[in-house]
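These notes concern the structure reproduced below.
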Protein chains: 2
Amino acid sequence: MPLLLLKDLPRYECLLEAAKEFPDLDPSACEAYLNLLRTSDEVHAVIEGLLAEYQISSGRFGVLMLLGRAANARACGPVGGSTPAELADAAGVARATMTGLVDTLERDGLVRREPNLEDRRMMSVVLTPAGNTLIRSMLPKHFQLMAALMQPLTVEERKTLVGLLHKVLRHAPDCNRRPSPSA
Amino acid sequence: MPLLLLKDLPRYECLLEAAKEFPDLDPSACEAYLNLLRTSDEVHAVIEGLLAEYQISSGRFGVLMLLGRAANARACGPVGGSTPAELADAAGVARATMTGLVDTLERDGLVRREPNLEDRRMMSVVLTPAGNTLIRSMLPKHFQLMAALMQPLTVEERKTLVGLLHKVLRHAPDCNRRPSPSA
DNA sequence: AAAACATCATTAGCCACCTAACTGTCAGCC
DNA sequence: GGCTGACAGTTAGGTGGCTAATGATGTTTT
């Protein structure tokens, strides 16, 4: 699912050239930014290729994963599934989006909505046996693909990468400052 | 534009735990994979926040950037703009998608379609003055935001990051092998 | 020259994402 | 008891992706 980023990244010398015209352009920052988005886009596309073999989009896969995790976590009692609101929060999408995803998953028989008897505003979403079977059959290939994608990096390099990414991730929200939040 | 990835990444110990159940799960690969997608998602969201102030989606911005670049490159002669096919290729989207993007950009007066006199199948897409003004006014803030996003990394760290990402990027296409390409 | 093929742009229909508005339910308060 | 507000989930409408099919135009082959 392309972010519509430039597919061919500019060479560093071009960035240096462009920096002459745009004093705000920081070549090393720009290069890191472009490579980050480009690489993750490519990785994402590879994963989607695998999921597509199972007729599953990345969004639907995320929901199934969350439900599978919840199914593991219960173990003890007959805890119902997760609510659409919980799923939406965990996945970082709007509730209306989750409604649509659950709609199609339910249509395909992979999940089921169950009313909550205590609070009639709430629903529980649970994996059906078919959904559970599907996700269990996908996981091994999914993990293999992750491993293959990261194979060019040593374990040490992966740690370095995670550390660098984490610095950026933690700091990103600070860049959201609106120009004039009246404060 | 969320990829519907889990918003809260699992802790490393959880990955180790899960690896007991799924022998294919490589914890360090999984961690790197999740952090890569999560971070780029966050960075992308920050950038979209800026673009939204200009009523521009990430897709539309990409098109305007490509056209702006083309406008710079001509310089010498009255070279027409780019064709929709070139734009789609450069942006990595389907041609139909580019048709839709150009539609809305043209509707908003930011680009213009011009017929190609030599080959009547082809169109040229060019920035209008309004489009050019818009993109020129956005670029400085866009560059500032890139710099802010990468501010937590030193120049040295950025080089390291780019190097690691590049290894993954180059290798990613090899992971696309379909199970049985009959070869 | 005519027919077959390739290519460009568009259209139509699907999915996933968003925000905003709506419906039904719960909980508190008069 | 009956308001009022908060909250869960859905619905409605818009945007941007995709694929597949179409129509118009070039190109190649016969």
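Every chain is numbered from 1, with letters handed out A, B, ... down the list of sequences.
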> Between A/R95 and A/E118, who's closer to the 5' end of DNA chain C by nearest nucleotide?
Replying inline: A/R95
>> When you measure only distances, ignoring hydrogens and angles, does the side chain of A/R121 come within 3.5 Å of the base of D/dC7 through a donor and an acceptor?
In response: yes
> For D/dC18, does either OP1 or OP2 sit under 4.0 Å from a side-chain N or O belonging to B/T97?
Replying inline: yes
> Considering residues at least two apart in sequence or located in another chain, which fulfil the salt bridge (Lys or Arg N to Asp or Glu O under 4.0 Å) criterion with B/R121?
Replying inline: B/D119
>> Nearest to the side chain of B/M122, heavy atoms from C-beta on, is which of C/dC18, C/dA9, C/dT11?
In response: C/dA9
>> As a test of understanding, state which of A/R107, A/R112, A/R60, A/R113 forms a side chain to side chain contact (heavy atoms under 4.5 Å, CB included) with A/V102.
In response: A/R113
> In terms of the nearest nucleotide of DNA chain C, which residue is placed more toward the 5' end: A/D119 or A/A94?
Replying inline: A/A94
>> Could you tell me if the side chain of B/M123 sits less than 4.5 Å from the side chain of B/P84, heavy atoms only?
In response: yes
> What is the distance from CZ of A/F61 to P of C/dA16, rounded to the nearest Å?
Replying inline: 15 Å
> Is A/K159 close enough and on-axis enough to B/Y12, meaning under 6.0 Å and within 45°, for cation-pi?
Replying inline: yes
> Can you tell which of D/dG16, C/dC18, D/dG9 lies closest to the side chain of B/R60?
Replying inline: D/dG16
>> So if I take every side-chain heavy atom of A/R120 and compare against C/dA9, D/dT10, C/dC26, which nucleotide ends up nearest?
In response: C/dC26
> Are B/L15 and A/L169 connected in the hydrophobic side-chain network, where two residues link if heavy atoms are under 4.5 Å apart?
Replying inline: no
> Which residue, A/T99 or B/A96, contacts DNA chain D at a nucleotide closer to its 5' end, judged by nearest heavy atom?
Replying inline: A/T99
> Under 4.0 angstrom, heavy atoms only, what part of the nucleic acid is A/A85 near: base, sugar-phosphate, or nothing?
Replying inline: sugar-phosphate
>> Measuring to OP1 and OP2 of D/dG16, would you say a side-chain N or O of B/S57 lies under 4.0 angstrom away?
In response: yes
>> OP1 or OP2 of C/dC15 versus the side-chain N and O atoms of A/R107: is any pair under 4.0 Å?
In response: yes
> Expressed in angstrom and rounded to an integer, what is the separation of B/L101 atom CG from C/dA9 atom P?
Replying inline: 14 Å
> Quick one: A/N116 CG to C/dG24 P, roughly how many Å, whole number?
Replying inline: 19 Å
